[in-house]
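Below: one structure, written as structure tokens.
The structure displayed is predicted, hence computed values, not measured ones. Whatever order the structure lists them in is the order used to number ligands and atoms, beginning at 1.
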Amino acid sequence: MATYRPDHPNPAGRRPRPAVLLMLAFFALQLLIFLTFRAVRPAPSPASSSSSSSAAAERVRRDGNGSSCGGGLVYVYDLPAAFNEDLLAMCDALSPMYSLCPYLANGGLGLPAEGTNLSSLLPRELVGSWYASDQFALEHILHRRLLSHRCRTADPARAAAFFVPFYAGLAVGRHLWAPNATGADRDRDCAALLEWLHARPWYRRSRGWDHFIALGRITWDFRRATDEAWGGSFLTMPGVANVTRLVIERDPWDDMDVGVPYPTGFHPRAADDVRAWQRYVARRTRPRLFAFAGAPRSAIKGDFRALLLEECQAAGADACGALDCAEGRCIRNNALVMELFMGARFCLQPRGDSFTRRSLFDCMVAGAIPVLFWRRSAYAQYSWYLPAGEGREEEWSVFIDRDKLRARNLTVRGVLAAIPEPRVRLMRERVVEMIPRLVYSAADGGDGLGGGMEDAVDVMVDGMLRRAAEQRPRWRTT
Ligand SMILES: *[C@@H]1O[C@H](CO)[C@@H](O)[C@H](O)[C@H]1NC(C)=O
Ligand SMILES: *[C@@H]1O[C@H](CO)[C@@H](O)[C@H](O)[C@H]1NC(C)=O
Ligand SMILES: *[C@@H]1O[C@H](CO)[C@@H](O)[C@H](O)[C@H]1NC(C)=O
Ligand SMILES: *[C@@H]1O[C@H](CO)[C@@H](O)[C@H](O)[C@H]1NC(C)=O
């Protein structure tokens with residue numbers, strides 16, 4: 001594999017440049033002032049409150065045999081605090097650029113959108129379903145949801161799959177930009193976790209084949225090749241070889257990585273909230289043909305994002321809306337991005353510094369049709385969520401071959417405008433229909449969204465139980 005360039009399309013994921021740093025320092029200062037007066041602390045994870053955890057266990061005992069858990073039950077390990085809770089407690093120190101505390105509040109959902117710019121965009125009754133969520137908060141969000149999931153069991157003897165709630169992204173992330181951090185620093189927590197896990201009887205029984213973890217950062221942050229290279233080396237450690245990793249960007253050549261959606265800001269509590277949102281985005285007028293939000297890399301000659309930004313400008317503001325996210329202008333200001341996508345029929349999703357972007361999910365939640373330029377950006381990533389192969393990706397997305405675009409002197413505008421309106425309508429309906437499975441519900445009851453509607457976590461649990469069953473022959477001889 002070519003060396004991975006760790007300059008992600010977002011501040012939390014790339015090495016800062018001086019201007020960005022300055023801006024972020026300013027941002028951090030504001031946050032600090034905000035925090036001093038508001039004393040925002042991360043909500044304790046449900047695991048730390050024994051009363052709520054025993055209530056959840058009670059629900060689990062009652063409902064665990066429910067027909068919807070036909071695939072089996074999931075056991076959630078109670079890890080030493082150093083592997084999750086302690087990391088939340090140091091939310092101020094996890095990122096050098098800004099405090100993560102506001103983003104890890106509310107069980108990882110972040111601060112509510114109420115009272116922010118985003119709320120002015122939303123129908124009154126839906127404001128409560130939106131948060132300022134961090135794109136790397138998956139680990140905490142998933143842990144909270146699984147603890148109250150209807151398919152959780154508190155009895156490992158009854159479990160068909162085992163969740164290891166190690167916050168690996170937070171653990172590695174806090175050393176990524178530390179000037180003196182060594183490879184050993186970035187790997188210490190991961191190695192300790194594996195040592196702990198390998199001593200558990202349930203791990204030893206299956207050698208890890210029915211175990212899974214969640215990674216809130218892209219897979220390349222855990223696959224350091226040499227000691228000087230970027231990232232930790234968790235996923236290259238032999239001890240993690242049989243454990244399934246649910247990760248926001250997977251390595252297409254590693255079948256133990258399973259792609260799961262980036263968290264967006266939409267965290268509905270109930271199926272009715274989702275249906276109201278689906279109606280809302282389905283009915284919105286979309287004056288613009290397409291939209292693009294991204295930061296061009298001026299330093300890279302022929303950067304594809306810069307070309308798309310130029311195409312957008314050439315198409316004119318009536319046809320294309322562009323948001324130049326350079327210098328961190330779109331950082332956490334999801335309002336600008338959501339407003340843009342909610343007013344467009346298509347949104348362009350080129351690769352960023354890695355192949356995937358949270359923007360794909362913002363786009364679809366906004367009810368716009370994603371336009372992809374690299375197969376690895378979605379089709380080879382999220383097979384549990386985004387159907388692909390045998391033309392199924394054409395139901396909900398448009399793929400434009402970058403080389404043909406240039407060779408045939410076509411424009412993105414030309415290609416998109418040539419798609420017949422009835423077909424566009426069908427694709428949009430399909431995207432809107434897919435929304436529930438792409439979002440992380442804020443519900444804390446065992447039923448999740450309820451009404452038989454599955455969110456991203458329900459899809460994960462089903463998928464992991466299926467996978468554990470498929471892998472059983474690898475370790476079970478009887
Ligand atoms: C919020 O909206 C106002 C008015 O549209 C705008 O001037 C301001 O810059 C926005 N703030 C942020 C943080 O986006
Ligand atoms: C990093 O190492 C240098 C040289 O050893 C030292 O002067 C500096 O204080 C260290 N910085 C931090 C943040 O520990
Ligand atoms: C992974 O599974 C194989 C086959 O079951 C086993 O030989 C190996 O020891 C396992 N590795 C770990 C780290 O458990
Ligand atoms: C490409 O198309 C543009 C306008 O559509 C035209 O002006 C230009 O001459 C074309 N270039 C080539 C090489 O065909």
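- The backbone N or O of G216 sits less than 3.5 Å from a side-chain atom of E139, completing a donor-acceptor pair.
- Ligand 3 has no atom lying under 4.0 Å from any heavy atom of A241.
- Short contacts between ligand 3 and P238, defined as distances under 4.0 Å to a heavy atom of the residue, involve ligand atoms 13 (C).
- Among residues two or more places apart in sequence or in another chain, the side-chain hydrogen bond (donor to acceptor under 3.5 Å, both in side chains) test is passed with Y385 by none.
- Between H149 and D458, the side chains place a donor N or O and an acceptor N or O closer than 3.5 Å (distance only, hydrogens not considered).
- Nearest to atom 1 (C) of ligand 3 among the protein's heavy atoms is N242 ND2, 1.6 Å.
- The nearest protein atom to atom 4 (C) of ligand 3, hydrogens excluded, is given as W209 NE1, 3.8 Å; this is a heavy-atom distance.
- Contact annotation: G239 has at least one heavy atom less than 4.0 Å from an atom of ligand 3.
- The nearest heavy-atom contact from the protein to atom 6 (C) of ligand 3 is R207 CD, 3.7 Å.
- Residue R472 places its CZ atom among more than 12 non-hydrogen atoms of other residues, nucleotides or ligands, all under 6.0 Å distant.
- With H211 as reference, Y77 is the one residue of Y203, Y77, W202 to meet the side chain to side chain donor-acceptor pair (under 3.5 Å) rule.
- The Y203 neighbourhood of ligand 3 comprises atoms 12 (C), 13 (C), 14 (O), with distances under 4.0 Å to a heavy atom of that residue.
- Note that atom 11 (N) of ligand 3 has protein non-hydrogen atoms nearby, at separations under 4.0 angstrom.
- Listed by chain and number, the residues in a side-chain hydrogen bond (donor to acceptor under 3.5 Å, both in side chains) with D257 are T219, R223, R245 (sequence neighbours excluded).
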